[in-house]
Amino acid sequence: MNFGRIIDYKVCENKIFIQFETMTGQIEIITDTIINVFAGFSSQKHCSKAIEGNKNIDTTFSVREVKKEADKIEAIVIATSAVIVRVYDNFKVNFYSTDGRVLCRDFCGERSILKKESSYKREMLKAEGHKTDEENQYRFYVLKQMEGDEAFYGLGDKVGFINKRGYDYVMWNTDNPRVHTEHDKSLYKSIPFFITLRKDVVFGLFYDNPYRCAFDMGKESDQYYSYGVAGGNLDYYLIAGDSMAEIVGGYTYLTGTTPLPQIWTLGYHQSRWGYMTETEVRTIAEKMRSYEIPCDVLHLDIEYMDQYKVFTWNQERYQNAEKMLSDLAADGFKVVTIIDPGVKAEEGYSVYDEGVKNNFFVRTPEGTLYKNVVWPGEAVYPDFGNKEARDWWAGNHRFLLDKGVRGIWNDMNEPAGFSGPIPMDVVFSDEEEITDHVRMHNVYGHNMARAAYQGLKEGDGKRPFVISRACYAGTQKYSTTWTGDNHSIWMHLQMAIPQLCSLGLSGMSFAGTDVGGFGSDCTKELLCRWVQLGSFSPLFRNHSVMGSRFQEPWQFDEETVHIYRKAVQFRYHLIPYYYDLLFTGEKTGFPVMRPLVFHYEKDPEARNCNSEFLVGEHLLAAPVVNQGERRKLVYLPEGIWYDYETGERLEGCQWIVKEVPLENCPVYVKAGTILPVWPQMNYVGEKSANKVLYLEVFPGEGSYEHYLDNGENFEYQLGAYNQYCCKLMRDGSLIIHCAHHGYDKDYEQVEVSFSGKNFKSDFNEGVCVMQLS
Ligand code: GLC
């Protein structure tokens, strides 16, 4: 896009409109640290699906022009207290910190397109009408100057490693049934946000445009990194800050944070495609209890439906759904059911009939219903961009809630179709506007999850538990996610760490992989190692495909059951810690699973660390992800760390060799950590966790905030929670006081374990003081 020379500018509230020869460009000051760059190629305003509400904060800023010659503006310079923006001809925009460091500059050179064919072959392909390279694939590009030492993080759930430098990706929600490899450009989600980290600089770029787009992170050239998009506006945010955490904070300030879930969702989930009958489901539940493997959630895949028709129940296979669900509930199990978007095209089926009558399904350009094939056979697709269709879909969840269902699993919502991709010109709504599939594709799953969230919230008033496979930026407000159809292969276990950490940096904190792998047959060793890793991911679900080897731990041997139980029990032990992380995460946007670089960005060892991660700030997990590995190299960042299993004290900033027999997963705890824990239970709520506050404390100095509420509804937003501030002094004294008291089920006692010893004390008017050494 050629904007031409700067002619003039004008300031209007928080926006600076810059008149170029051919177009107007706009810089918008959102906050001191968040700046939006906009050019209305297809509409004059933002049309965000990710950002809800007005995010502008009253910010003081200055604007001046720099002139070289009397009649020629060389640059417009805009400054907040944190960022200086310089805008040049052709809408080239450079960002600097106020202390003069270069943050991000537009690239001013020529693109050097990555050539993959000889010039002869290229000419031949061109003559035959093929596109030979990336050159003209996208409507416009933004090229940023590579300063040299960049590492890149984020971009949602892309394959490969944590640092995306040198790779290229495409944002186009894709159901890829093949084995996902490092080579794949796109998966189920499109989150056009990444963080650039240099030696002394960190910032984020969020390209808020759902059209198909491509990111080249320095593969094409080491001179620049680029973004190319197929349509819509130039609409991106530069997010500045002093640390990676502040950048994630800025991004989630814009797109929303992961809300606090119901606490049982943090328990263990057992799933398979599919548990075919009521008897099978009841048997799984019984086995979980008889093997004493804690479990809170059972998932029902497509078989629970009548002929795969959404919002129906198969009464032949599950004779009495209400009774089954209430019996399971009495034993602590919650049931989550799958809901796909494809509605069986069958007259007489009420969901289909109602949708047709109200024009809630997408249509061909000729105006007929668009049909594709999914699980129920020929099916139609709800038009989730239409608010009325979303409201109707939301209301349909009543049917499942009335049966006792506690959560919804949205699948196939890229949207997928077995008879080929949905043509680009199929007619979709974008709220009031009529548009096409090209524009709505990447937000289809997002809008579906939003409808499910609404349906659950209106239905039972609890914090909705939705899982969605397809997502866009901001879906975290409505839904959790999993990484889709992985396989029972070691490569996918290895990939799980960078993939989940990248999702966390991209706002999606509540995520998980199919533990054990979905496709292919799992081995004993792989399952043991996967459950150890999976026990740290917020969404902790074992799931596998029909026709593969059964993947419940007792399908292997006694040792597997023992190892599996140990990992799941450790997860349950730490549930209060995860819950605290999600509570603070709702305020800060910080993920539960964090790559080491999140807290140690100055440490070069942390930048490319793919085989370990932090859980919050205090735990470091280094699960084994290689077959046969019995010794693992673990990197400990700066500070003092304690080996959780042995208690050994270790200096940071070093690699250590850790013995890793099959039953052990290395975990380290930072000095001065205060960890809230639970006594063992088979499911969340089996034993009251409210009388005694159990803490594990590690020598050092530290502080911690622990959170308590009813774990279920939205009363916490009105203040119905307690918050306990814990402070550990160097001399071993621990002081706990209740800093916020709004929940009546209060702790009466504190029990602390510290350096192998136990301590007990009562709360006295909300305060407890203990001497641990
Ligand atoms: C898709 C989902 C998978 C599910 C299957 C059947 O492949 O990703 O999790 O089991 O469909 O519904």
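Side chains included, hydrogens not; waters and symmetry mates left out as well; all remaining heavy atoms used. First listed ligand is number 1; within each ligand, the first listed atom is number 1.
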Between [X] and [Y], does the ring centre distance come in under 6.0 Å?
X: F311; Y: W393; result: yes
X: Y188; Y: H180; result: yes
X: H543; Y: W409; result: yes

Tell me, which protein residue and heavy-atom name are nearest [atom], and how many Å apart are they?
atom: atom 10 (O) of ligand 1; answer: D301 OD2, 2.5 Å
atom: atom 7 (O) of ligand 1; answer: D485 OD2, 2.6 Å
atom: atom 11 (O) of ligand 1; answer: D411 OD2, 2.9 Å

Proximal atoms of ligand 1 relative to [X] (non-hydrogen, under 4.0 Å):
X: I338; result: 12 (O)
X: H543; result: 3 (C), 4 (C), 9 (O), 10 (O)
X: W482; result: 8 (O), 9 (O)
X: R469; result: 1 (C), 2 (C), 7 (O), 8 (O)
X: I302; result: 12 (O)

Checklist entry - Can you find an N/O atom of D340 closer than 3.5 Å to an N/O atom of ligand 1? => result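 It does not: no N or O of D340 is found under 3.5 Å from an N or O of ligand 1.
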Checklist entry - Between R272 and S548, does any side-chain donor sit less than 3.5 Å from a side-chain acceptor? => result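 A pair is found: one side chain offers a donor N or O, the other an acceptor, under 3.5 Å apart.
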Checklist entry - Between the side chains of D296 and Y572, is a donor N or O closer than 3.5 angstrom to an acceptor N or O? => result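 Yes, because at least one side-chain N or O of D296 sits under 3.5 Å from a partner of the opposite role on Y572.
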Item to check | Side chain, backbone, both or neither: the part of Y188 lying under 4.0 Å from ligand 1 by heavy atom | outcome: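 Neither part.
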Next on the checklist: Once you restrict to heavy atoms under 4.0 Å, what part of W409 touches ligand 1? Side chain, backbone, both or neither.
Outcome noted: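 Within the 4.0 Å criterion, W409 contacts ligand 1 through side-chain atoms alone.
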Take atom [atom1] of [X] as the centre, draw a 6.0 Å sphere, and report whether it contains more than 12 heavy atoms from other residues, nucleotides or ligands.
X: E292; atom1: CD; value: no
X: E388; atom1: CD; value: no
X: Q319; atom1: CD; value: yes

